[in-house]
There are 2 protein chains.
Amino acid sequence: MYRISQLARKFGLCRSTLLYYDQEGLLSPSGRSDAGYRLYSEADLERLAAIVSFRKAGLSVEETRAVLESEEGEASVLRKRLAAIGAEIRALQAQQHLLARMLRVQSEGGLPESVDKETWVAMLRAAGMDDQAMATWHAEFERRAPQAHQAFLLSLGISEQETQVIREWSAAAADGVSPQR
Amino acid sequence: MYRISQLARKFGLCRSTLLYYDQEGLLSPSGRSDAGYRLYSEADLERLAAIVSFRKAGLSVEETRAVLESEEGEASVLRKRLAAIGAEIRALQAQQHLLARMLRVQSEGGLPESVDKETWVAMLRAAGMDDQAMATWHAEFERRAPQAHQAFLLSLGISEQETQVIREWSAAAADGVSPQR
DNA sequence: ACTAAACCGTGAAGCTGTAGACGGGTCAAT
DNA sequence: ATTGACCCGTCTACAGCTTCACGGTTTAGT
């Protein structure tokens with residue numbers, strides 16, 4: 001049986017955080033001492049370990065509780081969080097662009113600030129990539145992060161229609177139907 | 001002269017937001033009507049336009065005030081925010097990885113929708129790029145579109161400091177001082 | 001037995017930025 | 001003058017904690 005501050009130290013949390021979790025019904029101690037002290041069991045410890053990792057993944061206290069209570073709807077909550085993270089990252093990247101532009105106003109100028117398709121291809125060719133290597137790279141991109149692949153193609157100024165074409169043959173190439181054959 | 005809700009609508013903000021800005025001394029109306037209503041001048045409107053764009057870049061109210069008051073330390077605040085964004089993105093990517101691992105346990109799915117440094121390098125390697133080719137590619141990127149190079153590196157979640165390092169040796173490599181010698 | 005340090009519980013307030021409720025004021029049309 | 005539709009200022013609440021204050025408890029050392 002652990003007392004609250006012991007448990008907090010063990011997980012690098014603040015005592016108040018555990019008090020808060022208790023108050024929110026996320027983690028209640030399984031017992032109390034004679035003096036009314038919270039006593040956490042070994043099972044509580046394991047539950048807390050799970051809680052900590054879910055919270056590290058960015059789940060809210062509410063979501064974490066849902067995952068731990070229902071147990072079955074877990075995947076859907078996690079997937080929703082994954083989607084939310086994507087949105088957050090895109091929002092931050094928009095902020096990056098905004099700031100980069102603000103900072104550029106004072107310093108520098110002249111060279112283009114974004115890359116188009118031709119420039120990109122030229123850069124890859126300069127690095128020794130041939131058509132087949134690029135096909136492989138597209139396929140890999142499509143396989144690992146389809147959303148990001150789409151976003152990237154759009155950022156090169158490629159039309160949405162054409163991105164669809166590229167992505168389709170990227171997916172096909174990944175299945176072994178490589179374009180050059 | 002605008003009244004508070006008019007101004008809020010004009011900028012797509014909530015009335016309470018302007019009330020808050022007034023309370024925090026970020027934007028105080030330059031006058032009051034007989035009935036005690038806040039009245040915003042044309043100058044206030046311009047100031048608000050600036051405020052909105054800084055806030056869109058993710059500056060806190062406090063930081064925004066600092067930028068608008070001091071005027072000269074502007075760049076340093078913006079750069080600090082840029083660094084903070086990088087850190088936030090990396091934190092989110094860490095959450096992505098964590099979630100992807102959690103989800104992969106039960107089912108395959110939930111691929112990340114943005115790319116980080118490791119994924120990017122892995123994709124290029126899969127396409128047959130070696131270290132030297134990547135160095136060439138960076139050099140080419142830096143030569144043709146330094147700003148875009150910077151933005152691209154940031155989008156991978158690389159810290160601003162590290163992007164400076166990469167860009168410096170990219171520039172050096174382009175001058176013939178290639179890293180492999 | 002006594003004291004000091006370290007602990008405990010409860011309760012409240014503070015943080016950011018926004019949203020909403022509340023009661024009263026303003027304004028056009030009747 | 002009165003109705004109704006807005007509008008205003010002020011106050012409270014939200015997440016997810018942290019910090020602070022108060023007073024009781026345990027523990028170690030003398």
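Below, chain A is the first sequence line, B the second, and so on; all start at residue 1.
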Fill in: From CA spacing to verdict: salt bridge (Lys or Arg N to Asp or Glu O under 4.0 Å), A/R81, A/E88
CA-CA 10 Å; A/R81 173 64 193 151; A/E88 282 177 45; 3.0 Å; yes
Practice prompt. Under the salt bridge (Lys or Arg N to Asp or Glu O under 4.0 Å) rule, collect the residues that match up with B/R125, sequence neighbours excluded.
Written response: B/D131
Discussion item. I'd like to know if the side chain of B/T64 and the backbone of B/S60 have a donor-acceptor N/O pair within less than 3.5 Å.
Written reply: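 Pair found, side chain donor or acceptor close to backbone of B/S60.
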Worksheet entry | Check: B/R3 main-chain N/O paired with B/Q6 side-chain donor or acceptor under 3.5 Å |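 Yes; judged by distance alone, with no hydrogens or angles, the pair exists.
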Practice prompt. May I ask you to list the residues of residues 28-47 of chain A, by number, that have any heavy atom positioned under 4.0 Å from an atom of DNA chain C?
Written response: A/R32, A/G36, A/Y37, A/R38
Item to complete: Would you check if B/V165 and B/E168 make a side-chain contact, meaning some heavy-atom pair closer than 4.5 Å?
Response: no
Worksheet entry | Nearest non-hydrogen partners of A/Y2 and A/K10, listed with the distance |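 Residues A/Y2 and A/K10, closest heavy atoms: CE2-CE, 3.5 Å.
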Fill in: Non-hydrogen atoms of B/S170 and B/H138 that approach each other most closely
OG-CB, 3.2 Å
Could you write out each protein N or O paired with an N or O of nucleotides 18-20 of chain D at a distance under 3.5 Å?
from	atom 1	to	atom 2	distance (Å)
D/dT18	OP2	A/T17	OG1	2.2

Worksheet entry | B/S33, B/P29, B/S30 screened by side-chain contact (heavy atoms from CB on, under 4.5 Å) with B/L39, the one that passes |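 Exactly one option meets the side-chain contact (heavy atoms from CB on, under 4.5 Å) with B/L39, and it is B/S33.
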Fill in: For chain B, the stretch of DNA chain C it reaches, first to last nucleotide, under 4.0 Å of its heavy atoms
C/dT16 to C/dT26
Worksheet item: Taking 4.0 angstrom as the limit, do B/E69 and B/R47 come out as a salt bridge?
Response: yes
Worksheet entry | Test: B/E162 and B/R167 ion pair at under 4.0 Å | no
Item to complete: Determine the sole option in B/E142, B/R143, B/R144 for which the side chain to side chain donor-acceptor pair (under 3.5 Å) test with B/H149 is passed.
Response: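 Exactly one pass, corresponding to B/E142.
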Discussion item. Contact list please: residues 1-10 of chain B against DNA chain D, heavy atoms, distance less than 4.0 Å, in numerical order.
Written reply: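 Hits under 4.0 Å, by residue number: B/R3, B/I4, B/S5, B/R9.
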Worksheet entry | Toward the 5' end of DNA chain C, by each residue's nearest nucleotide, B/L19 or B/E62 |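 Mapping each residue to its closest nucleotide by heavy atoms, the 5'-most match is B/E62.
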What pairs of donor and acceptor atoms, side-chain ones from residues 18-27 of chain A against any protein atom, are under 3.5 angstrom apart with sequence neighbours left out?
from	atom 1	to	atom 2	distance (Å)
A/D22	OD1	A/S28	OG	3.1
A/D22	OD2	A/R38	NH1	2.4

